[in-house]
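One structure below.
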Protein chains: 2
Amino acid sequence: MSHIDTQFHGVRITESQGRPAQQHLPAACSSCSLHELCLSGGLDEIDLEAIDRIVAQRRRIAKGEALFSVGDAFRSIYAVRFGLFKTEGLMTDGREQVTGFQMAGELLGLDGISDDRHVCKAVALEDSEVCVIPFAEMESLGRAVPALQRNLHRVMSREMVQDRNLLVLLGSAQAAERLAAFLLNLSERHAQRGYAASEFILRMTRDEIGSYLGLTPETVSRTFTKLQKDGLIEVAQKHIRIPDLPALRNFIGC
Amino acid sequence: MSHIDTQFHGVRITESQGRPAQQHLPAACSSCSLHELCLSGGLDEIDLEAIDRIVAQRRRIAKGEALFSVGDAFRSIYAVRFGLFKTEGLMTDGREQVTGFQMAGELLGLDGISDDRHVCKAVALEDSEVCVIPFAEMESLGRAVPALQRNLHRVMSREMVQDRNLLVLLGSAQAAERLAAFLLNLSERHAQRGYAASEFILRMTRDEIGSYLGLTPETVSRTFTKLQKDGLIEVAQKHIRIPDLPALRNFIGC
DNA sequence: ACGCCCGTCTGATCCATGTCAGGCTGGCTT
DNA sequence: AAGCCAGCCTGACATGGATCAGACGGGCGT
């Protein structure tokens, strides 16, 4: 069990308190436990070493701090090593809305490519760490390593597909379906990372969930209660248990 | 004025009727009027010729026909030459929802990269033509031509950003704001292509608009009427006029 | 030119979710 | 240990949009 796994299980990172959020630590895809989930999946030893040279630093972000904000110059993309982030977009009238939650092994910052400026804000929901991947170098390494290029494209495409799914959800599903779909999505992603699929802790508030799902926090709360009454989930504050995953999946298809 | 421009202005393509939808015609980015809007923007002569060799064929899609459907094997992406498409995603319960409209110079099919299978369906809303861009060859040319690689990444990123914007819209805006934002978006894209920003024809039905915006067709209809009463737009069937663009933009920020 | 039908508009009603308000709990600070 | 406050839950009420129903009009095919 590696250093990273331990931290991902919830150990607080106290040594960064009082220091600036940005730190420069060595990163290494070749020895990263998330490697198969991340950009470096499926690459051979030699290519991994090349990536290691590019992904030269990590950065720690304390809970509540922003990794980047709207308008920031785009230079790098980020891979979450441990912790959890939310990304939020800006409405025309200034309100913010959560557009996604990123957990270990997922990328942040791809939105900045299109015009060299970030158009959303990424905030850590708990003490977190990311690998900093300078994008220009990533592109040039992609030119040398087709498999890496392929991975990048796959990740970008996957992100588009996920956004589309959420779109469809917001466009045509009811509150209970939205929430159920959200929980199932979290469940799957936990499972991918080797954690329990049917029991987990929500790291985000009801406000953030509501913002993400296009609902008010009150409705989120009520809907949790309703799903519990229907026996589909068990809720205790931030603790969620899904006693019957197939049943919940089935509920979505109504 | 080229052949393409003439067709884009609305001349019906009659010669394809009764034939299979797939046709093999020469394509040429180097002489395409959409070149600056599309993937080949900013490239030099030599690189353009390289692209021309890859983007070797076009395909005509009659109104109502699908360019690709959910589950189809992914091999190519497509650039719209003229015409208009809608993409629709599949709900868990089988219902379909429109997730986007693509006009000349925009790309289709990027959703298929992530697992080599299309996860949405692209349907022509009028007789249309696309350039077929084999993706494997596109990737390999991207390795040789950094500017092309950059363009591809930019386009993908832009698509992600647009999806996010729509997400925010669906998550927190009222019917009138959604519709206004939709019209402004169309207006901008028309302007980019050299057409009037304040007057245009809607090529999609109220149903399709409603599906896209997460509203019923009845609400779309009513909301058009409401916006007209408020003097923000003039509607006559599919004909839209926006007498005061800044006023409509201002309306969004409420 | 005629008639059919799809797409659109409008009205009446209902329901899901937003809004406003109050009270509870658990975790953090002092 | 006490107190405070953010986050959460629940209730009562308001409302925007969905739903159901019907009428109109224009485009298309015969």
Side-chain angles (χ1 to χ4, degrees), chain A residues 10 12 14 17 62-64 86 91 93 95 97-98 123 125-127 169-180 182 201-230 233-240 254, chain B residues 10 12 14 17-18 62-64 86 91 93 95 97-98 123 125-127 169-182 201-230 233-240 254:
Chain A
R12 288 288 303 277
T14 50
Q17 303 200 339
K63 178 174 176 171
K86 66 173 174 184
M91 280 281 295
D93 61 0
R95 275 173 301 172
Q97 183 182 331
V98 175
V123 177
L125 294 184
E126 51 184 29
D127 293 331
L169 202 68
L170 293 199
S172 54
Q174 309 236 96
E177 298 176 89
R178 294 188 200 189
L179 195 57
F182 172 68
I201 304 290
L202 295 173
R203 304 291 161 95
M204 61 291 284
T205 66
R206 302 291 193 257
D207 272 88
E208 287 158 343
I209 296 172
S211 175
Y212 179 62
L213 296 176
L215 301 169
T216 58
E218 291 95 330
T219 301
V220 172
S221 204
R222 274 188 259 271
T223 308
F224 268 129
T225 308
K226 181 188 173 301
L227 289 177
Q228 183 163 37
K229 271 184 190 142
D230 296 350
I233 62 172
E234 289 165 30
V235 202
Q237 297 286 106
K238 300 201 168 271
H239 190 109
I240 299 286
C254 293
Chain B
R12 287 290 300 280
T14 49
Q17 303 201 338
K63 179 174 177 171
K86 66 173 174 184
M91 281 280 296
D93 61 1
R95 274 174 302 172
Q97 183 182 333
V98 175
V123 176
L125 294 184
E126 52 184 28
D127 293 330
L169 201 68
L170 292 200
S172 54
Q174 309 235 98
E177 297 176 271
R178 294 188 198 189
L179 195 57
F182 172 67
I201 304 291
L202 295 173
R203 303 291 161 97
M204 62 291 283
T205 66
R206 303 291 193 256
D207 272 87
E208 286 158 344
I209 296 172
S211 174
Y212 179 63
L213 296 176
L215 301 169
T216 57
E218 291 95 328
T219 302
V220 173
S221 203
R222 275 188 257 271
T223 308
F224 268 128
T225 308
K226 181 187 173 303
L227 288 177
Q228 183 163 36
K229 270 184 191 143
D230 295 349
I233 61 171
E234 290 165 28
V235 202
Q237 298 286 105
K238 300 201 167 276
H239 190 109
I240 300 285
C254 294

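Numbers restart at 1 for each chain; the letters A, B, ... are given by sequence-line order, proteins then strands.
Closest contact between the side chain of Leu215(B) and the listed nucleotides dG18(C), dG26(C), dG17(D) involves dG17(D).
Nucleotide dC28(C) holds its P atom 8 Å from the NZ atom of Lys63(A), rounded to whole Å. Distance, Leu227(B) CG to dT8(C) C1': 16 Å, rounded to whole Å. Protein atom CZ of Arg206(A) is 14 Å distant from nucleotide atom C1' of dC24(C), rounded to whole Å. Between the CG atom of Asp207(A) and the C1' atom of dC8(D) there is a distance of 10 Å, given to the nearest Å. Between the C1' atom of dC6(C) and the CD atom of Gln237(B) lies a distance of 12 Å, rounded to the nearest Å. As rounded to whole Å, 12 Å separates atom C1' of dA16(C) from atom CD of Glu177(A). dG16(D) atom P lies 17 Å from atom CG of Leu179(B), rounded to whole Å. The interatomic distance linking Leu202(B) (CG) with dC9(C) (C1') rounds to 15 Å, in whole Å.
Residue contacts shown for Gly210(A) are absent, as no nucleic acid heavy atom lies under 4.0 Å away. Gln174(A) comes within 4.0 angstrom of sugar-phosphate atoms only, judged by non-hydrogen atoms across all strands, and of no base. Across all strands, Lys226(A) comes closer than 4.0 Å to no nucleic acid atom at all (heavy-atom distances). Among the heavy atoms of the strands lying under 4.0 Å from Thr205(A) are primed sugar atoms or P, OP1, OP2 only; no base atom is included.
For dA18(D), one of the phosphate oxygens OP1 or OP2 lies less than 4.0 angstrom from a side-chain nitrogen or oxygen of Thr216(B). Contact annotation: Lys238(B) side-chain N/O to dG7(C) OP1/OP2 distance is not under 4.0 Å. Between Thr225(B) and dT10(C) there is a side-chain N or O to OP1 or OP2 distance below 4.0 Å. Phosphate proximity of dC9(D) to Ser221(A): present, with a side-chain N or O under 4.0 Å from OP1 or OP2. Close to dT10(D), at under 4.0 Å from its OP1 or OP2, lies no side-chain N or O of Arg222(A).
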Report task. Any chance you could lay out the side-chain contact (heavy atoms from CB on, under 4.5 Å) test for Tyr212(B) and Met204(B), step after step, and finish with the verdict? Result -> CA-CA 11 Å; Tyr212(B) 179 63; Met204(B) 62 291 283; over 6 Å; no
Query - Stepwise side-chain contact (heavy atoms from CB on, under 4.5 Å) test for Ile201(A) and Ile240(A) - result: CA-CA 6 Å; Ile201(A) 304 290; Ile240(A) 299 286; over 6 Å; no
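Looking at which nucleotide of DNA chain C each of Glu218(A) and Ala175(A) is closest to, the 5′-most match is held by Ala175(A).
Proximity of Arg178(A) to Thr223(A): side-chain heavy atoms (C-beta onward) are nowhere separated by under 4.5 Å. Within the 4.5 Å cutoff, side-chain heavy atoms of Leu179(A) are placed close to those of Ile209(A).
Taking each heavy atom of Phe224(B) and Ile233(B) in turn, the nearest pair found is CD2-CD1, 3.7 Å.
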